[in-house]
Every structure is written in structure tokens, then in C-alpha cells.
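Here is the structure we will look at.
The chain is numbered in sequence order, starting from 1. Ligands are counted one by one from 1 in listed order, and the atoms in each one are counted from 1 as well.
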Amino acid sequence: MDHFQLRNGELFAEDVPLARIAEEVGTPVYVYSRATLERHAQVFRDGLAAIPRKHIAFAVKSNPNLAVLRVLGRQGYGADVVSGGEMRRALAAGIPAKDIVFSGVGKTARELADALDAEIGQFNIESEEEGLELARIAAERGKRAACALRVNPDIDAGTHEKISTGKADNKFGVPFDLATGIYARLAELPGMNMRGLAVHIGSQLSDLKPLELAFEKVGTLLGQLRSAGHRVTHVDLGGGLGVPYKAGDVLPSPAEYGAMVARVTQGWDVELMFEPGRVIAGNAGVLLTRVIRVKRNGNRTPFMVVDAAMNDLARPALYGAWHDFDAVRPSGERMTAHIVGPICETGDTFARDRNCDALADGDLAVFRTAGAYGATMASSYNSRGFVAEVLVDGDRFAVVADRILPEEIYAAERVPEWLD
Ligand SMILES: *Cc1c(COP(=O)(O)O)cnc(C)c1O
């Protein structure tokens, strides 16, 4: 459930008409709902009510906006980060260092050192090589790094190939059959506090079965490690729960997910960790856009050219992803159109042959479910600048990321004097 609903024929974000935001901030603009973020944080936590010891870290990469992180931090969420930049953001948003988990296959020596200095809660190690490097850097500092070993369970998550992470030929985690040996070797190093396992098999999962299979494999490994005398006190089950992108889609609920987790992890006697991203932020945001013009093309399907483009919302171009597209003031009439942005690439297409609200030049519309992997994937391609972001809270709203103009971007560029 989200808080982007029609009231008297007009689309609102909570108690704010989206037309007012378009008027005051301009378009395109991402609009997030605080109430929806908080509701999703609560529903996810409620789904895990049967889990006695748990830590929930929001996957910052899904929506790294400082205000969004602050809202979730106030809900008691930690942060799952995948770069030094994300770590600094999470800290800047006020998330305690101890609640930060650092994932990612390519952490640099600098990032590892900075994270040790910041005293983050846990490193999810993705290779033996990374573990050796972290142990060395930690030992130099007289520290011990709290670590979980990310394993690759070789399970097909059944999602888009570009967001699958748990197959043996994906770059993530250590091969399952090598995990015990790597864990044992890393656990002996003075700079290491090997304390657990981690797994994350992909994103936008629409079926719990692959997750369950992955968790079962982790459970087997947990037993083997303990039998070999190793201490395992933490297991990080990652994120990945999908969200409905199309009205009417039915996805596993956090309650169903939680029930499965409780069943599979019964008797593990560990603190369970979770890294949800999309399921928290996805439906908490829309991309508000204005129709530039409808290009009729004779009797062919018209192109509806909107002022948002693939640089603002990359998912359709990147993954062929679907986003529902709704008028801010629907007339009740429908039309069929190709919905496209102004960028000079055919890939700048949000939808082909979409049956949608009839819209005319200047009308406002939203791409729904744009709160995760939306603004954060934006680029300035075609010198369009970076899109603005707004957070709504009841009947008030604030710009939580300024629109960045092309002039501000090229101010960081230099023409060397030898070109004069
Ligand atoms: C991307 C990612 C997540 C979040 O995935 P969602 O599908 O957004 O829940 C969690 N953990 C890791 C390690 C990730 O890379």
C-alpha cells in the first residue's frame, strides 16, 4: 500500500496535490512519501516478529537520499552499503556506525581502512583475497574486523539476469564448496573476527522458493562450520524481496517471507540480519513528469513525449522494466501510446503500445514505483542535469535534493590552457 492516491479526481502524495509540487519545483521530479517509507519499514519488521534477534539494514543503493536514510534511521534501520560513498552518506544521515554493514565485491584498501576507522558493524567479505587484505589493514590498526563470509549458493533467483547475484557464474560471494576452507583460514588471522555468513541471491524476487533453497544451504554450511569448531553468531540473509510494478501483481508479502525465514532458520541460534531495499523504498516514490507533446504520426500509434527520460529513470532502458503510468488529473478517457523521453536514443522508451490515461500537451503524469533504483541511477546524459527529489510528510513537503543544472556539472570540467 502506498500514499499516492486519487482525491476528487486528482493524484495526491499524502495530503499534497502532485500538481502543486510540479508548480513549485518543476518537472521531472521524484516525489517520496514519508508515511509510505515508514509503513513499509514497519510492515517488514512486523513480518519478522517471530525472529528473536535481528538487525535490519536498509540497502542504501536502492535510495541513498539523505532524508530517506534519516526517515529509515529513525525507524531503527541500519544501513547496508556497497561503497565508501554510501558509508559516508549513511553516517551523514545519522545512522550509527555500528549499524552499518559493508557489502560489495570490490571494496578498495582505502574503503576498508576508512570503514575500520569509522568502526562500522560488519564487513561482508566476498573473497578470500579481500579477507586477507582486510585482516592485514585491521591488524596494522590493532583492530579486529567483524566479518561475515558471503557465500554464493549457486541458485537461480528467477529474476532479471542483470540483477541475479546468486548463480555460480555471478561475481558475488565465494563458491559454496570452498566456503568452509576460506572461513577457517580467515578465522585464524589476528585482524579478523569471523562471526558469520551472508547470502544475497538477487533483487525483485517474485517467488520465495529460491530464497528458501539458498537459506537452507546456508543452514547446512552453518552446521558444518560449527561441527568444525567455528564460532558463527550472525547470518545475513540479504535483501531481494520484490514489489508489484503493475497494478494487480501479487508478490510474496513480508509476512510470508518472515514465516519462511522463521521456519528455515529455526534452531540456528544466531542474530539474523536483513538488507531490504526495493521492498521498503520502491512504492514509496513516483517520478512526476509533464507531457511535452503528443506526436501523432498520422494513423500510427502516437508517441507521448514526456519531460522525464532514461537518464532520470533508467530501469525501463536497462532492464526492460515496467512502470505503471498514470495521469495526475485523469479524465477517464484512455489512449494507446508509446511513452518516450526526449533523449536521442531509441532506448529512451518507457513503454511501447501502452494503454494509459489520455493525456495532452502540458498534462502531468507519474511513473509509479520509482522510489527504488530511480534517482540513484540518474545520469546527466544529453546534458539534462540531475533530477530533483521531494519528500512529502502529511500536508508539507520539502525539496530533499536540488535539481543540478548542466551549468553546475560543467563547472567541474576544465579546458586546459594549451587549448587556448
Ligand atoms: C542490492 C542489494 C541488496 C538490496 O536488494 P533489494 O532487492 O533492493 O532488496 C541487499 N544486499 C546486497 C548485498 C545488495 O547488493
Determine whether a donor-acceptor pair (N or O, by modelled atom type, separation under 3.5 Å) exists between the side chain of E408 and the backbone of I404. no
Any Lys/Arg nitrogen of R368 or D324 sitting under 4.0 Å from an Asp/Glu carboxylate oxygen of the other? no
Could you list the residues that satisfy side-chain contact (heavy atoms from CB on, under 4.5 Å) with E161, not counting sequence neighbours? none
Sequence neighbours left out, cut at 3.5 Å: what donor-acceptor pairs do the side chains of residues 312-319 make with other protein atoms?
residue	atom	partner	partner atom	Å
D312	OD2	A309	N	2.9
D312	OD2	R384	NH2	2.7
R315	NH1	H323	NE2	2.9

Could you go through ligand 1 and note, for every N or O atom, any protein N or O atom closer than 3.5 angstrom, writing the atom names and distance to 0.1 Å, or 'none'?
residue	atom	partner	partner atom	Å
ligand 1	7 (O)	S203	OG	2.3
ligand 1	7 (O)	G240	N	3.4
ligand 1	8 (O)	R278	N	2.8
ligand 1	8 (O)	Y373	OH	2.6
ligand 1	9 (O)	G240	N	2.9
ligand 1	9 (O)	G277	N	2.9
ligand 1	11 (N)	D80	OD2	3.4
ligand 1	11 (N)	E275	OE1	2.6
ligand 1	15 (O)	K61	NZ	2.7

Using the ring of F102 (Phe, Tyr or Trp, six-membered ring only), decide whether K107 places NZ or CZ under 6.0 Å from its centre and within 45 degrees of its axis. yes
Sequence neighbours excluded and cut-off under 3.5 Å, please list the side-chain donor-acceptor pairs for residues 208-222, or say none.
residue	atom	partner	partner atom	Å
E212	OE2	R263	NH1	3.0
K217	NZ	P153	O	2.9
T220	OG1	E216	O	3.1

